[in-house]
Amino acid sequence: MPDATAATAHHAVTVHETPATRVLIGVGARQGVADEVVRLGAERVLLVSTPSADEAAGQIAAALGGRLAARFDRPAVHTPVAVTAEVMAGPGSGGVDAVIALGGGSAIGLGKAVAARTGIPQIAVPTTYSGSEVTPVLGETEDGVKTTRRDPALAPGTVVYDPELTLSMPAGLTRTSAMNALAHAVEALWAPDATAVSDALATEAVDGILTALPRVLAEPAAVPGRARLQSAAWLAGLCLAQTRMGLHHQLAHVLGGAFDLPHAELHTLLLAHVMAFDLPAAPAAAARLERVAGPDPVAVVGELARAHQGPTTLGALGVPRAELRGIAERVVARPYPNPRPLDVDSVAALLDAAW
Ligand code: NAD
């Protein structure tokens with residue numbers, strides 16, 4: 001019979017937090033962005049956007065009219081502190097009272113970085129599947145060092161999902177960005193702080209991504225498939241927001257930082273290797289994955305990754321093989337939860353398989 005002592009020893013209490021977010025979702029939702037600004041009572045808005053969403057940025061700027069105070073359209077990956085400083089010192093940026101971030105994780109990271117320094121509200125309008133728009137997490141780089149912080153105040157208060165904004169994603173970015181989202185959901189399934197809510201979100205996210213991604217790749221201009229994939233990525237982002245990530249995200253963080261690698265491609269090529277490594281030690285996660293992916297989830301994910309028309313191995317990304325052991329040492333030295341206990345030899349072997 002379970003007793004209270006046993007419960008205490010197993011840290012039975014989990015804390016589940018959901019940042020409060022207002023979400024607009026649907027075809028044409030981007031046309032509601034200016035109204036959201038009015039709703040916030042903002043008068044001087046900073047609009048940061050990715051060059052790939054130039055047209056939508058122009059429409060939003062026009063709808064803002066006199067409320068648009070400043071624009072910036074060169075967000076950089078991993079949110080360099082110098083870029084944030086440049087934006088904040090730019091013409092019109094003084095005294096802005098809201099920020100709109102239109103783009104992938106890089107644009108949204110910049111919006112968060114501005115909000116972190118000013119406390120102003122954010123409206124995030126994602127154009128990829130990175131999920132950053134719903135997380136209270138910000139990774140910033142300075143002098144080549146990436147630091148990550150987590151604070152509920154970093155999560156954008158308003159998120160606008162318009163599937164039409166994802167139509168322009170080329171096949172490569174569609175695949176790798178969706179695999180990045182898949183990784184959030186997979187690691188949530190074996191997280192030590194998983195709950196019934198995160199399990200439900202993660203399972204539906206995996207199902208949605210594995211169902212919709214092949215359809216979108218086959219028919220990239222069809223909006224219903226894009227909408228399903230975007231919704232699944234939303235759920236996956238919530239998984240990232242609500243649970244602690246394990247080995248997969250640590251590997252991506254350390255490798256990405258050490259060799260300045262493309263974020264989504266790196267996630268794509270690593271995921272099946274980490275699943276093969278961890279799933280035998282995570283039977284509940286494996287059972288859920290098998291329910292939605294069939295008897296061999298590792299094969300399904302590996303096949304999606306290997307079909308990428310771009311680098312599909314660490315070697316092809318330019319990581320020197322001789323450096324893998326050093327990476328394994330750094331990944332094992334960091335404290336974080338993982339279903340399978342980590343040692344340098346086994347992590348180095350995983351990396352070698354991905355090389
Ligand atoms: P990205 O934002 O860097 O965009 C990649 C490229 O794709 C850019 O050139 C961009 O202009 C282009 N692009 C974006 N949307 C497009 C579209 N719809 N059509 C055509 N081109 C488009 O890539 P990303 O993978 O979305 O984001 C990666 C960044 O986000 C990294 O810095 C990563 O660390 C961060 N991230 C943060 C979190 C978090 O919770 N804080 C989560 C995931 C990723």
Side-chain angles (χ1 to χ4, degrees), residues 19-25 29-30 33 36-37 40 45-54 56-57 60 70-81 83-84 86-88 93 96 98-141 146-163 165-166 168-169 173-174 176-178 180-181 183-184 229-231 233-242 249 252 256 262-264 267:
T21 311
R22 175 177 161 91
V23 177
L24 276 67
I25 184 162
R30 65 189 184 281
V33 170
E36 291 301 307
V37 167
L40 290 170
V45 178
L46 166 65
L47 171 60
V48 301
S49 58
T50 163
S52 56
D54 241 8
I60 290 171
R71 269 182 84 167
F72 183 83
D73 65 1
R74 282 168 290 115
V77 72
H78 303 314
T79 335
V81 168
V83 173
T84 306
E86 183 192 338
V87 174
M88 293 185 59
S93 288
V96 291
V99 56
I100 299 171
L102 166 67
S106 297
I108 291 166
L110 177 55
K112 287 178 174 178
V114 170
R117 286 158 179 77
T118 56
I120 61 177
Q122 307 168 57
I123 300 175
V125 191
T127 63
T128 69
Y129 308 122
S130 82
S132 179
E133 67 280 357
V134 290
T135 76
V137 180
L138 170 62
E140 294 180 286
T141 45
K146 183 168 178 178
T147 42
T148 301
R149 53 177 147 159
R150 180 178 270 269
D151 177 345
L154 289 171
T158 307
V159 178
V160 177
Y161 287 110
D162 187 334
L165 293 175
T166 64
S168 54
M169 291 170 86
L173 181 64
T174 297
T176 58
S177 189
N180 184 191
H184 306 330
L229 191 50
Q230 186 182 48
S231 287
W234 172 19
L235 303 180
L238 291 171
C239 292
L240 177 64
Q242 293 175 358
H249 280 76
H263 182 81
H267 275 274

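Note that the coordinates shown come from a computational prediction; the quantities given were computed from them, not determined experimentally. Values below: every heavy atom of this structure, side chains too, minus hydrogens, waters and symmetry copies.
Put simply, the side chain of Ile60 reaches to within 4.5 Å of the side chain of Ile100, judged on heavy atoms. Under the 4.5 Å side-chain criterion, counting only non-hydrogen atoms from C-beta, Val83 is not in contact with Arg74. With a 4.5 Å cut-off on side-chain heavy atoms, Leu46 and Ser93 count as touching. Counting only heavy atoms from C-beta outward, the side chains of Thr84 and Leu110 approach each other to under 4.5 Å. The side-chain heavy atoms of Thr128 and Met169, taken from C-beta on, include a pair separated by under 4.5 Å. Proximity of Met88 to Val114: side-chain heavy atoms (C-beta onward) are separated by under 4.5 Å at one or more points. Looking at heavy atoms from C-beta onward, Arg22 lies in side-chain contact with Leu24 at the 4.5 angstrom threshold. No side-chain heavy atom of Thr50 sits under 4.5 Å from any side-chain heavy atom of Ser106.
Using bins of under 30°, 30° to 60° and over 60° for the plane-to-plane angle, the ring pair Tyr161/Trp234 lands in the tilted bin.
Looking only at distances, no side-chain donor or acceptor of Glu36 sits under 3.5 Å from a matching main-chain atom of Val159. A donor-acceptor pair is defined here as one N or O able to donate and one able to accept, closer than 3.5 Å; such a pair exists between the side chain of Ser177 and the backbone of Tyr129.
The side chain to side chain donor-acceptor pair (under 3.5 Å) test with Thr135 singles out one residue from Lys112, Gln242, His184, and that residue is Lys112. For the pairing with Glu140, the side chain to side chain donor-acceptor pair (under 3.5 Å) check across Lys146, His78, Arg149 returns one residue only, Arg149.
The distance from atom CG of Leu138 to atom CD1 of Ile108, rounded to the nearest 0.5 Å, is 12.0 Å. A distance of 7.5 Å separates CD of Gln230 from CG of Leu165, quoted to the nearest 0.5 Å. Within the model, atoms OG1 of Thr127 and CG of Asp162 stand 11.0 Å from one another, a figure rounded to the nearest 0.5 Å.
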